Visitor: 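This is the structure I want to talk about, given as structure tokens.
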2 protein chains.
Amino acid sequence: MAYTKPGVTRNRIYQFVRKRLLDGEPPTVREVQAAFHMRAVQSAKSHLDALVKEGRLIKVPGKSRGYRLPAAIHSSQLAPIIGRVPAGPFNIAIEDIEGYIPVQSSTEEHTIFGLRVSGDSMTDAGIMDGDIVLVRTSSEIHPGDIVVAMVDGETTVKEFRRANGQVQLQPRNTAYPILSPAPEDLTIVGKVIEVRRYLEGISLIGEQLNG
Amino acid sequence: MAYTKPGVTRNRIYQFVRKRLLDGEPPTVREVQAAFHMRAVQSAKSHLDALVKEGRLIKVPGKSRGYRLPAAIHSSQLAPIIGRVPAGPFNIAIEDIEGYIPVQSSTEEHTIFGLRVSGDSMTDAGIMDGDIVLVRTSSEIHPGDIVVAMVDGETTVKEFRRANGQVQLQPRNTAYPILSPAPEDLTIVGKVIEVRRYLEGISLIGEQLNG
DNA sequence: TATGATAACAGACAAAAGTATGTTTTAAAA
DNA sequence: TTTTAAAACATACTTTTGTCTGTTATCATA
């Protein structure tokens, strides 16, 4: 290819590799070579080596298609969405999973799930009937956080408060009363870290999970 | 490895490959072989061939690490998020991209972007200040849709209406007036297909986009 | 127990991909 | 202009990986 100013082709190659990696298709050195119309493998190789040295890419030595993004950039995982919530102790059964949606998070897997909200007790906080809340089960809960809780076997989304040393679950809709459940009837499932609303049909990812 | 009942190892291999692909690390035939402690490459190969024949996997012939998930399962793409919107004709400049978030959609790439909302003119529709709306530029617009529009070079999110043959942009907050811009001052950028709110710090994917 | 289908194994070859050495051309800065 | 560094090229070698042919073992069912 034509000679470019120092750094220019380097950045373009980074963009290319980055996109391929985010698409789940790590390129070979020769695919990079071809994408930039280079006549020598080494042209691509040395750019890739440089990107690794700069810390913009990571290389698994020896392996084919071995370039990766540093962990911080790649952090996209799939969270299961459950529609109805089973009564009793809260655990996610495979049968209840509607599908998966992509979530970016640096936390460990299996700690985030999605829950479809029913009811309008949180509309003043912008959580409408039918919205999906993403819940992290491993978060510490602080007053003011929006949480998913189980009260008497029922799942609800509310704002977490404390008053007189007791936990209060506060709706964000003046038409609803504050709940002050007895500790033995209350389980905090997790903290709401994200709210999503799909205004068009949602197509969830991945069904065939049996076996 | 030990002999298993027909179908058992097949499913386990599918799970393995699926996870690897969703993690962005397509395996080689020999990596599958190793993961299941098989003593022959062909053992893994024939399972993979079978999975392709069943339609559970797709193969790019000849290429290394060439197994893929069928499109329906994989359909997750990255949409750019723009914070401020440039005045003038609407086009997404690289400089304005804050980062990327994963979106599941079957539509073509480059037609969806994210926009950070400012203002509270849509709170009754559950769109709060700071929320991110995902916008598809290729959608048909119908009355009742929530749209991103440019009025006199300013970007706004409103509900799309028609009255007396004229376009109206209706806020969803009684404190705000309905807009009835002249056609020449109005550009409909696209339709809001999703609303997201990040209650914890959001870490966008990918920063270094210069070059 | 007999039989067909599935599963696993063995060994080999060709193509793809990673890696290495050295040279030529252009850009950036002294 | 000269010098130094970056960019691009040419070629070769090794390892990894895809693919093939054929054999043996186990499962499911009659």
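The structure displayed is predicted, hence computed values, not measured ones. Lettering of chains follows the sequences in order, A, B, ..., and the numbering in each one begins at 1.
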Visitor: Before accepting this row, confirm whether a basic side-chain N of the pair B:K19/B:D23 lies closer than 4.0 Å to the acidic partner's carboxylate O.
Guide: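 Between B:D23 and B:K19 there is a salt bridge, with a charged N closer than 4.0 Å to a carboxylate O.
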Visitor: Which residue lies toward the 5' end of DNA chain C, A:K59 or B:R10, if each is placed at its nearest nucleotide?
Guide: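 That would be B:R10.
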Visitor: Base, sugar-phosphate alone, or nothing: which one does A:S46 contact when heavy atoms must sit under 4.0 Å apart?
Guide: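 A:S46: no heavy atom of the nucleic acid under 4.0 Å.
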Visitor: Nearest whole Å is fine: how far is C:dT21 P from A:Q42 CD?
Guide: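 In whole Å, C:dT21 P lies 10 Å from A:Q42 CD.
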Visitor: Any non-hydrogen side-chain atom of B:V32 less than 4.5 Å from a side-chain atom of B:T28?
Guide: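 Of all side-chain heavy-atom pairs linking B:T28 with B:V32, none is under 4.5 Å.
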Visitor: Nearest nucleotide by nearest heavy atom, which residue falls closer to the 5' end of DNA chain D, B:K5 or B:D49?
Guide: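 Result of the comparison: B:D49.
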Visitor: Under 4.5 Å between any side-chain heavy atoms of B:R162 and B:V167, yes or no?
Guide: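 A side-chain contact under 4.5 Å exists here.
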Visitor: For B:K63 and for B:H37, locate the closest nucleotide of DNA chain C by heavy-atom distance; then report the residue assigned to the nucleotide nearer the 5' terminus.
Guide: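 Nearer the 5' end of the strand: B:H37.
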Visitor: Out of D:dT24, C:dA17, C:dA27, which has the shortest distance to the side chain of B:S64?
Guide: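 Out of D:dT24, C:dA17, C:dA27, the nucleotide with an atom closest to B:S64's side chain is C:dA17.
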Visitor: To the nearest Å, give me how far apart CD (A:E54) and P (D:dA6) are.
Guide: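 Going from A:E54 (CD) to D:dA6 (P), I get 11 Å.
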Visitor: Within a reach of under 6.0 Å around NZ of A:K59, are more than 12 heavy atoms found that belong to other residues, nucleotides or ligands?
Guide: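 Enclosed: over 12 neighbouring heavy atoms sit under 6.0 Å from NZ of A:K59.
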Visitor: State which of C:dA10, C:dT24, C:dA7 makes the closest approach to the side chain of A:Y3.
Guide: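 Comparing C:dA10, C:dT24, C:dA7 against the side chain of A:Y3, the answer is C:dT24.
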Visitor: What integer distance in Å separates B:K45:NZ from C:dT6:P?
Guide: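 After rounding, the gap between these two atoms is 17 Å.
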Visitor: Assign A:A50 to base, sugar-phosphate, or nothing according to its heavy-atom contacts below 4.0 angstrom with the strands shown.
Guide: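 No contact.
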Visitor: Scan A:S43 against the nucleic acid and name what it touches under 4.0 Å (heavy atoms): base, sugar-phosphate only, or nothing.
Guide: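 Since a base atom lies under 4.0 Å of A:S43, the category is base.
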Visitor: Can you see if the side chain of B:T9 gets near the phosphate of C:dT6 - specifically, an N or O under 4.0 Å from OP1 or OP2?
Guide: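 Negative; the distance criterion is not met.
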Visitor: Between C:dT19 atom P and A:L48 atom CG, what is the distance in whole Å?
Guide: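 These atoms are roughly 10 Å apart.
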Visitor: Are there more than 12 heavy atoms of other residues, nucleotides or ligands under 6.0 Å from atom CD of A:E184?
Guide: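 Count over threshold, so yes.
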Visitor: Would you indicate which nucleotide in D:dA8, C:dT19, C:dA28 comes nearest to any side-chain atom of A:P6?
Guide: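 Shortest atom-to-atom distance from the side chain points to C:dA28.
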Visitor: Let me know the distance between CZ of A:F36 and P of D:dA7, rounded to the nearest Å.
Guide: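 In whole Å, D:dA7 P lies 13 Å from A:F36 CZ.
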Visitor: From C-beta outward on B:H47, which listed nucleotide comes closest to its side chain: C:dT19, C:dA8, D:dA10?
Guide: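 Of all the options, the side chain of B:H47 is nearest to C:dA8.
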Visitor: How close or far is atom P of D:dT15 from atom CZ of B:R65, stated in whole angstroms?
Guide: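 It works out to 18 Å between those atoms.
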Visitor: Between D:dA10, C:dA10, C:dA8, spot the one nearest the side chain of A:A40, thanks.
Guide: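 Minimum distance to the A:A40 side chain belongs to D:dA10.
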Visitor: Roughly, in whole Å, what's the span from CZ in B:R39 to P in C:dG11?
Guide: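 The distance from CZ of B:R39 to P of C:dG11 comes to 12 Å, rounded to the nearest Å.
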Visitor: Taking side-chain contact (heavy atoms from CB on, under 4.5 Å) as the criterion, tell me which of B:T187, B:V117, B:L115 meets it with B:T155.
Guide: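 Filter result, single survivor: B:L115.
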Visitor: For A:R30, which contact category applies under a 4.0 Å heavy-atom criterion: base, sugar-phosphate, or nothing?
Guide: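 Since a base atom lies under 4.0 Å of A:R30, the category is base.
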Visitor: What is the distance, rounded to the nearest whole Å, between atom CD of B:Q33 and atom C1' of C:dG11?
Guide: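 My rounded result for the distance is 12 Å.
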Visitor: Among the nucleotides D:dA7, C:dG18, C:dA8, which one has an atom lying closest to any side-chain atom of A:T28?
Guide: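 Ranking D:dA7, C:dG18, C:dA8 by closest atom to the A:T28 side chain puts C:dG18 first.
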